[in-house]
Structures are given as C-alpha cells and as structure tokens.
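To start, the structure itself, in structure tokens.
Both ligands and their constituent atoms are indexed starting at 1 by order of listing.
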Amino acid sequence: MTAFFHRQNGALAVEQVPLARIAAEFGTPTYVYSRAALTSTYEAYAAACKGRRARVQYAMKANSNLAVLQVFAKLGAGFDIVSGGELLRVLAAGGDPRKVVFSGVGKTEAEMALALSHDVRGFNVESVPELDRLNAVAGRVGKRARVSLRINPDVDAKTHPYISTGLKGNKFGVAFEDVMQTYRTAAALPHLEVTGIDCHIGSQITEVAPYLEALDKVLDVVEALAREGIDLEHIDVGGGLGITYDDETPPDITGFATTLLERVAARGHGHREVLFEPGRSLVGNAGALLTTVEFLKPGAAKNFCIVDAAMNDLARPAMYEAYHRIEAVSPRSDAAVTYDIVGPVCESGDWLGRDRALAVQPGDLLAVMSAGAYGFVMSSNYNTRGRAAEVLVDGDQVHLVRERERAEDLFRNERLLKD
Ligand SMILES: *Cc1c(COP(=O)(O)O)cnc(C)c1O
C-alpha cells in the first residue's frame, strides 16, 4: 500500500478521505484514484530527468480517464498513445499534441492523418508497410512525419508471456537483424524525417538488467546509424517498470531512470534526448477498486465471497491470473475465513482474488488495491453491467471523474429490427 492509501483509526482512507465516505456517496463498484499518488510517481521520474535532456511520455492506455490525463498534462508530461481515440482524449484533457508520440503496430490511415493534423511529436513505427503508409499519408496532407523505429531487441524481460513484448516471437517492433535496412528505407522516403529510436520490452518488469541489455543494443544501433550519417535526436527507452502488487520489489523509479540516463551518458549519447514511456508505474498504485460484499457462500471445497465488482470491472485476474491485494475497508475483529473473492458474472474465470483470509459480512466494503493501471480501461459491459464510476481524491476533496454507466447507456447505440 502506498502512503496515499492508509488506515485512519483502522479504516482504509485515501489521502484525507475515508473510503467508506466515497462508497456512501457514489456507490460501488467504484475506482478511486489519489491525485497525490499520481503526482508523486510523476515527480519521481521528473527528478531523474532534471538537468538532463529527458522527459516523461505517459503511456496513457494504462489509465486514460480525462482527469488523470489532466493531472499529468499539468505536470508537464507528454503522452504515448496507441490510437486516434487516445489523441482525442489528450486534446479533451487539455494536453499538448506536440508532446504526443503515436505508438502501436496497426495505425490506420485515418489515425495517421488525424495525428499529422495535430502536429504530434512523432510516430513510433514498427514495420516497412507502416513506413510506406505513413509516407503516403504525410505526402497527401503536405506534411513530413517524424518517425522513430520501434526495434525488437530480442531481450527477455522475464515477465508474464502476455505482457512480454521484446522477444523475437512477439508481434512488436522491427526484428533486430532488419533494423539497419529499415532505417535506410525510412531515411529515403520523402515525407518522413527520421528522428529517433524506440524499444519497449514488456510490462511489470521488476529488474533493471533487461532494460540495460536492451538499451545497449539500442545504443549499438544509434552508433551504427551515426556512422552512416543518420543522426538520431532521441532515444525512447519504453515503459514497463513494475509495481508492487504483492511482494514484488521493483527498483525505485528515480534510481531506475537515473541508471538508464547514466548509461546513455556513459556511452557518449548525453546530447540526445531520452524519453521514458511509463504507464503502470505512474498510475498502478494510485488507484483502488472499491466493492461491496453481497453474499458469503460457504462450501465443502471453497468458501466464496461474492462481491459487486467482477471481471468486467477488473479483468487482470481473469486475464493474467494477476494478483491484487484485497483489504476489508473496516476490518472486523471476528476470526478470518479463507475465501475466493468472486463477482456475479457467469464465468468461472470471474474472480478477483483466491484464498484470501478475511473477516467480513455481507454489506462490508472491500478495496482491491493497486488497480489504477489496466483496471477501468480494460473494463467491459459483459453481462450488461454498466462500467464503474471513477473518482479522484485530492486532499479532502472527492471529484467524480466518470459517472457510473446506466443500463440505458449500454444499449443506446443499438437498433431494433423494423419488424
Ligand atoms: C503499454 C506500453 C507502455 C507502457 O507500459 P507499462 O508497462 O504500463 O509501463 C509503453 N510503451 C508502449 C509502446 C506500450 O505499448
């Protein structure tokens, strides 16, 4: 638990607000974010960047609520986006499109044109067909697109296979052996300007070693390109730094970022700008999902604690068998019982936590911790469940930053047949 989620007279609170107050006012399930927690992780990266040519591009797919983006935009962050929709969110949140980098393997022509019309800082390109498409779109709209290539350094990030992205077998990035030729191709295209290099090796990485391994390979490429007269302005080291969900011990953010910046400088590239693309490490521990116990269902093999949040609200356990700590908001003094914490969705995969010892009764509140990243953004309307409300706490203030969806919202765009 971060310092921003803490206990006040035994009851769980966020900053100066008891979670029970939020549940009483906004109901459950509700995502709760701490502005101070968001700010503190951003500042931890910014501290390493201070006095160097380096900046933070928030990988907003981790949590793209407009108010969260607004907090980071005000702090000076740029944004790493993976769709045209995300660019529109940056604009709606008051972010600067010229600080936006467009990543992702499947950009459409319309998305490229949209990004060019807002003069985004650049595109991380992942294949030759994508270079050709971007060149054509830029030519059509009369612009030059700034590009960096996302290279696949073939480094094992030692994380979950679904969130490992820098290995040969992954769909991401330009294969290492093709990188030089792909840069030559990019440099020869008239409507592209080659400005940088990018890599992103995975997510929830808890060691520095894979980053340094990838960075050394990236710097080898930078040097080989320089020898051919292709001089890159920036080096994007990707995101992926892990957080503590349970007992993981990821490196401290400032120390991690400093280590990478020092390696860049030690190899003689301190004049090039370094971009960090963190998602999870900026927002993961800044959020919790608040839920209410509906029923306790004892069983011969297992006891179930059925809550009002489900896999449609928080998909990570069902999708990656991810662990989230689950705490009673106001613990009881009764003896704890071991439960699987499950939702009401009609799937056996609908669980939030397994074998958790809790002393709870129906009506009690639970907090699913570390839910600020890949939580709400991956939620769905499965079982015609409206998506949760989101609130952002700032000191003693609670701001509703997304209303709970109502059933009518869910089928508004559907049409009945004529007969
Ligand atoms: C998802 C993603 C990130 C952020 O990853 P985290 O693990 O959330 O830090 C950064 N860059 C790219 C290209 C991504 O796709």
Exercise for the section: Name the orientation class of the two ring planes belonging to Phe276 and Tyr45 (parallel below 30°, tilted from 30 to 60°, perpendicular beyond 60°). Expected result: tilted
Practice task
Please state whether the rings of Tyr245 and His324 are parallel, tilted or perpendicular, taking 30° and 60° as the class boundaries.
Solution key: perpendicular
Exercise for the section: Anything under 30° is parallel, anything over 60° is perpendicular, the rest tilted; go ahead and classify Tyr31 against Phe376. Expected result: perpendicular
Exercise for the section: Using a strict 4.0 Å threshold on nitrogen-to-oxygen distance, state whether Glu233 and Arg146 make a salt bridge. Expected result: no
Handout entry: Residues Asp220 and Lys217 bridged, charged N to O under 4.0 Å
Key = no
Handout entry: Pocket residues of ligand 1, ordered first by chain and then by residue number (heavy-atom cut-off under 4.0 Å)
Key = Ala59, Lys61, Asp80, Ser103, Arg150, His200, Ser203, Gly239, Gly240, Glu277, Pro278, Gly279, Arg280, Tyr374
Practice task
Mark yes when over 12 heavy atoms from residues, nucleotides or ligands other than Lys302 sit less than 6.0 Å from its NZ; otherwise mark no.
Solution key: yes
